[in-house]
Amino acid sequence: GGALLPRPSAPGRAAMAAEPAMEGRRSPLKTWGSRSLLDPLPGESASAEHERLKACDSGEDNWKKWGPYVSERQWGTCREDYGTNGNSWVYLPFDIAHQVAYRWGEDGIAGLCDEAQTLCLSLAMWNGRDPILKERLFGLGGPQGNHGEDVKEMYYYLDATPTHSYLKMLYKYPQQAFPYDRIRLESAALGTADPEYELMDTGIFDDDRYFDVFIEYARESIDDVYMKVDVHNRGPEEAEFHMVPQAFFRNTWSWEGPGAERPVIERIDGNAVSIKHSKLGQLYFSMEGEAQLLLCDNETNCAALKSDDLRLRPFDFASDAVFWAARSPTLEQPFREYYSVHFRACDPADMASVYAHFYAPGDARGAAFVPAAPAASDGPMYHTTGHIGPGPYKDAFHRYVIKGELAAATASKGTKAGFHAKCSVPAGGCKTFRVRLSTVNIGNTFEDFDDVVSSAKEEGDAFYAALQGDIADDEHRRIQRQALAGMIWTKQFYNFDIYTFFEGDPACPTPPQAARRAIRNSDWDHMQNCDVISMPDKWEFPWYATWDLAFHCLPLALVDSHFAKGQLRLITREWYMHPNGQLPAFEWNFSDVNPPVHAWASWRVFQIDKKKSGGAGDLPFLEEMFHKLVINFTWWVNRKDAEGKNIFQGGFLGLDNIGVFDRGGKLPTGGVISQSDGT
């Protein structure tokens, strides 16, 4: 599509590559043409996208109702950790994510959902060889990587408009079996001084044996979503490809008490389903061409979690004799034997045994990441409680495509729907799939499909042409446009009610109290987050970090200053800001201290918006932020100003959390740091 493809990196940080150098430094990217990147053209020319933004800002139309708000990783988050040892990577790991219904959010590949994440769209794939249906991105948890958590996939955000009327991304899917366990084992053998073991290092892309899967979303009206998938075989031979576009409800009914709404997706015919929910009304989900309709419930498969049936294990490196023969048995063999028997276990005690086998004696990482044994009061895994029906369950599509089990193909209704399409893509060839979510189900719903997608792309071109009018260099324009696409794609629906998290849901047993509150966030019971928020990265950091968010708002203000101002305002609202004036840091510890950059970001966004819109600027926004940040300033002066000099101390100042010591704690040499550039 003519888009610039960068090296694999955290997509949400892509905009940093296109930002100008800090003031006082000189860089060839400092100015493009006659202006800075963060210096928008005044009086931008109107385009269809500009008109949609105006309609959103005025409240006339909500074009941002649907967006790329689905996380890339919900497993391994603090929100889903109901254990008592604080090891969120262990409580709900990737290994069981396809079988467990999440409590607080959803994840998926190329995910799209409404702003309350009532209904989600995403894409699942299979190459005919993987042991598991590719429904979500794989990566290493914090204890598994030699540099902590890290996504091990190849994907790129290519384009986006700020109202999400057009979105495009690329996923590179290997044609050989995905090397899940090779990545785990090779990474475990590395030290912190070693480079990370990446997907490219496995040789999985040798001879170009992979698919380029381009996913485009387009809309011609608010509730009419067109999803186009182009699958290119880059390899030298014909290759098998399976695709399962999905529509599913976020599970809210398993946790709520009597009277909770249970939405329904019902079969109409082989190529369409009816979707009903009180908040969304009547929708239809359909796919063009020959496909097998699948239906199931987005609920936990409790029986599979408890089963020792080796047929249910998605990964099985125990039988890879060639791989094991090339390695020393001293470290890996015990873990291989344990893993082959106990893979299904999700109990923290069993996982502790896994890590004890996995890490060599004396390895500091082993000591650091082996979780404590669970207390007797832990009870069953929280996600296996509540209202759970007779099935088929969340993993039914995996079971149908991989195992040939027919339950999903024969179900008449559910809360998750998909279309299984199988094809053979010739070497160098391409197959196109068309999927639609709409309010209508009359006639040929795919007749003008390609025209709608092309028109949405052209309207995006017109929007960026106005934004980039005096950037002469085509490559610079593409860099900036794709960087901004990364910022737009990494918006995420974030849902976390702290009080309910600790106290439990009406339909579930009360989770452990004292032990869980002792881990983190016990003094943030007032927090009720249920919003679309800009994330640092939807896989590695699928949670907001307040000071990262402040920086995000500057490039976001270029394309959508209303959204940028709303993000800054949101963090200061009473259901986010602590009553003592502290701004929440991030979910691993909301009480952590982040640098006080919110006021600076508010001022810069005000200036950017003023230059775009003209006049005196949004003074009510500035006044509102000033009053809230005076409260925050008072917290800083009272809590982080030991010498009373109005110079702040402590927190992630200077080097974020990668500093040589924790600036939020006591210094190893004693004393305090007074840092004027963090004030």
Indicate whether any N or O donor in one side chain lies under 3.5 Å from an N or O acceptor in the other, for Asp395 and Asn301. yes
Where do Ile132 and His398 land on the side chain to side chain contact (heavy atoms under 4.5 Å, CB included) test, with the steps shown first? CA-CA 7 Å; Ile132 188 172; His398 157 76; 3.8 Å; yes
Salt-bridge contact Lys431-Asp230 (side-chain N to carboxylate O under 4.0 Å): no
Test side-chain contact (heavy atoms from CB on, under 4.5 Å) applied to Phe433 and Lys228, Glu288, Met227, Met287, the passing residue: Met287
Carboxylate-amine/guanidinium proximity below 4.0 Å for Glu106 and Arg136: no
Taking the six-membered ring for Trp and the single ring otherwise, decide whether the centroids of Tyr69 and Phe493 are under 6.0 Å apart. no
Across all chains, not counting sequence neighbours, the side-chain contact (heavy atoms from CB on, under 4.5 Å) partners of Ala507 are His387
Just jot down the ring pair (Phe, Tyr, Trp, His ring centres under 6.0 Å) partners of Tyr210, sequence neighbours excluded, or say none. Phe205
Between Lys134 and Phe178, is NZ or CZ placed under 6.0 angstrom from the six-membered ring centre and within 45° of the ring axis? yes
Using atom types as modelled and distance alone, determine if a side-chain donor or acceptor of Ser187 lies under 3.5 Å from a backbone N or O of Arg184. no
Decide if the gap between the ring center of Trp104 and the ring center of Tyr102 is smaller than 6.0 angstrom. no
What residues, two or more places apart in sequence or in another chain, satisfy ring pair (Phe, Tyr, Trp, His ring centres under 6.0 Å) together with Trp539? Trp75
For Ala239, all residues meeting side-chain contact (heavy atoms from CB on, under 4.5 Å), sequence neighbours excluded: Gln175, Phe211, Asn233
Are the charged groups of Arg436 and Asp224 less than 4.0 angstrom apart, N to O? yes
With Arg262, which residues qualify under salt bridge (Lys or Arg N to Asp or Glu O under 4.0 Å), at least two apart? Asp297, Glu299
Distance-minimising heavy-atom pair for Arg267 and Ala408: NH2-O, 4.5 Å
Would you call Arg79 and Glu587 a salt bridge, taking side-chain N to carboxylate O under 4.0 Å as the test? yes
Cation-pi geometry met for Lys168 and Tyr217 (6.0 Å, 45°): no
Report yes or no: do Trp575 and Asn529 form a side-chain donor-acceptor pair below 3.5 Å? no
Shortest non-hydrogen contact from Pro263 toward His277: CB-CD2, 3.5 Å
Within the 6.0 Å centroid threshold, strictly below: Tyr226 and Phe446: no
Stepwise ring pair (Phe, Tyr, Trp, His ring centres under 6.0 Å) check, Phe501 with Phe496: CA-CA 8 Å; Phe501 171 75; Phe496 200 11; 5.2 Å; yes
Phe214 ring center within less than 6.0 Å of Tyr171 ring center: no
With ring centroids as reference points, do Phe94 and Phe138 lie under 6.0 angstrom apart? yes
With sequence neighbours left out, the residues meeting side-chain contact (heavy atoms from CB on, under 4.5 Å) with Ser522 are Arg517
From CA spacing to verdict: side chain to side chain contact (heavy atoms under 4.5 Å, CB included), Asp223, Trp66: CA-CA 8 Å; Asp223 290 314; Trp66 298 91; 2.8 Å; yes
Does a side-chain N-to-carboxylate-O contact under 4.0 Å join Lys413 and Glu266? no
